[in-house]
Protein chains: 2
Amino acid sequence: MSEENQLLTRCLYFTASRFARNMTRLAEKTFEADDLAPTYLYLIMIVKFNPGIRQKELCRKLSIAPSTSTRFVSKLEKRKLVTRTSGGKDTYITLTDSGEAVYSRFQQSLEVLFARYSAILGSEFSTNLSKRLYEASVKLEQNY
Amino acid sequence: MSEENQLLTRCLYFTASRFARNMTRLAEKTFEADDLAPTYLYLIMIVKFNPGIRQKELCRKLSIAPSTSTRFVSKLEKRKLVTRTSGGKDTYITLTDSGEAVYSRFQQSLEVLFARYSAILGSEFSTNLSKRLYEASVKLEQNY
DNA sequence: CTTTCATGTTTGTATATGCAAATGATTAAT
DNA sequence: ATTAATCATTTGCATATACAAACATGAAAG
């Protein structure tokens, strides 16, 4: 293998961002009917499982910066998919009925996404890779 | 494991983007002395190994969109790290001497980056994960 | 109680990135 | 040789995302 290829294959920063770009493309295509970028759907999912969640906690679960979460929630609020309730310095986030409906559709799109990448990468391989990435994120976050 | 956790652990789109965000943070911190975002350094590296490369080929190697590559190259040109030579419909990209110098420093930062994430994730694990991500990207790109 | 401190959220600003449309240049077809 | 088709690059526009500074609220200390 050439030196160039070795560097491209070996650097986890590079392989990770590249792979994320590729997966994002696939996810966007799969979710396009929902008219929301994939991350929003994950946000909705988290709120679904944690009604009344605070933004801080949302950030932690999604690994996004607080500013990002503010903007995401604002957009979803504008579309009436979530509501914000201000409780002192915190704000609590809950799904609206439309939000619940979007979540249901999202669940189905998710299965389509799983099927698509499993067909390309293999089911075993995908599950395994996903698990590793999850663990690795947890470790990186603990160290910063 | 809760249903929520299972969804967060199992979805390769989500685990991949999350991990990429985390790695980007680490890489940016490691490379901050170079005053260029990590991807630019990879671009420089590729030009280093392929003097006179066309943008098309750059895009392929980096898995970025042509528009992104135009902007990246423009920025690097403005900083006099690369030169563009127009040859008909193609443009050929080459490192300047400053570009070469930046590359040398980058090589060293790269080792630091490797050391940092290896310390957190394990050396074996990191190499392995990187290899898998690389393979997976190749497969995804072939299918689109 | 009021001042200081800590914590959560929002806003300002900047950048990476993509898609689609426009431009420019080479090649093929009549 | 002019027109049509093809291909590479660029530009316009939109969005995700981050950091740092500002803001707002609640808690602690005097």
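Since the structure is predicted, the reported quantities are computational estimates derived from the model, not experimental observations. All values below were derived from every heavy atom in this structure, side-chain atoms included, with hydrogens, water molecules and symmetry-related copies excluded. Every chain is numbered from 1, with letters handed out A, B, ... down the list of sequences.
- Between the B/Arg21 side chain and the A/Leu62 main chain, a donor and an acceptor come within less than 3.5 Å of each other.
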N/O contacts under 3.5 Å, protein versus nucleotides 18-20 of chain C?
residue	atom	partner	partner atom	Å
C/dG18	OP2	B/Ala65	N	2.7
C/dG18	OP2	B/Thr68	OG1	2.8
C/dG18	N7	B/Ser67	OG	3.4
C/dG18	O6	B/Arg71	NH2	3.0
C/dC19	N4	B/Ser67	OG	2.7

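- Judged purely by distance below 3.5 Å, without hydrogens or angles, the side chains of B/Ser130 and B/Tyr117 never pair a donor atom with an acceptor atom.
- A donor-acceptor contact under 3.5 angstrom links the side chains of B/Glu4 and A/Asn50, judged on distance only.
- For B/Ala65, the side chain to side chain contact (heavy atoms under 4.5 Å, CB included) partners at least two apart in sequence or on another chain are B/Ser67, B/Thr68.
- A heavy atom closer than 4.0 Å to some atom of DNA chain C occurs in no member of residues 43-60 of chain B.
- Applying a 4.0 Å cut-off to non-hydrogen atoms, the residues of residues 79-94 of chain A that approach DNA chain D are A/Gly88, A/Lys89, listed by residue number.
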Using residues 108-115 of chain A as the side-chain source, report each donor-acceptor pair under 3.5 Å to any protein atom, sequence neighbours left out, with the distance given to one decimal.
residue	atom	partner	partner atom	Å
A/Ser109	OG	A/Asp34	OD2	3.3
A/Ser109	OG	A/Arg105	O	3.3

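- Listed by chain and number, the residues in a side chain to side chain donor-acceptor pair (under 3.5 Å) with A/Ser17 amount to none (sequence neighbours excluded).
- Residues passing the salt bridge (Lys or Arg N to Asp or Glu O under 4.0 Å) test with B/Glu77 are B/Arg84, sequence neighbours excluded.
- Not counting sequence neighbours, A/Lys89 has no partner by the side chain to side chain contact (heavy atoms under 4.5 Å, CB included) test.
- If A/Ser17 and A/Ser74 are placed on DNA chain C by their nearest nucleotide, the residue sitting closer to the 5' end is A/Ser74.
- In this structure, the side chain to side chain donor-acceptor pair (under 3.5 Å) partners of A/Thr30, at least two apart in sequence or on a different chain, are A/Arg116.
- Here CG of B/Leu140 is found 5.5 Å from CG of A/Asn22. Values are rounded to the nearest 0.5 Å.
- Taking atom CZ on B/Phe72 and atom P on C/dT15, their separation rounds to 11 Å, with Å as the unit.
- Residues meeting the side chain to side chain donor-acceptor pair (under 3.5 Å) test with A/Ser126, sequence neighbours left out: none.
- Bounding nucleotides for the chain A contact on DNA chain D, 5' to 3', at a heavy-atom distance below 4.0 Å, are D/dA16 to D/dG26.
- By the 4.5 Å heavy-atom criterion applied to side chains, A/Pro38 and B/Phe14 are not counted as neighbours.
- Within the hydrophobic cluster formed by Ile, Leu, Val, Met, Phe, Trp and Tyr side chains joined at under 4.5 Å, directly or through other members, B/Val138 is accompanied by B/Tyr134.
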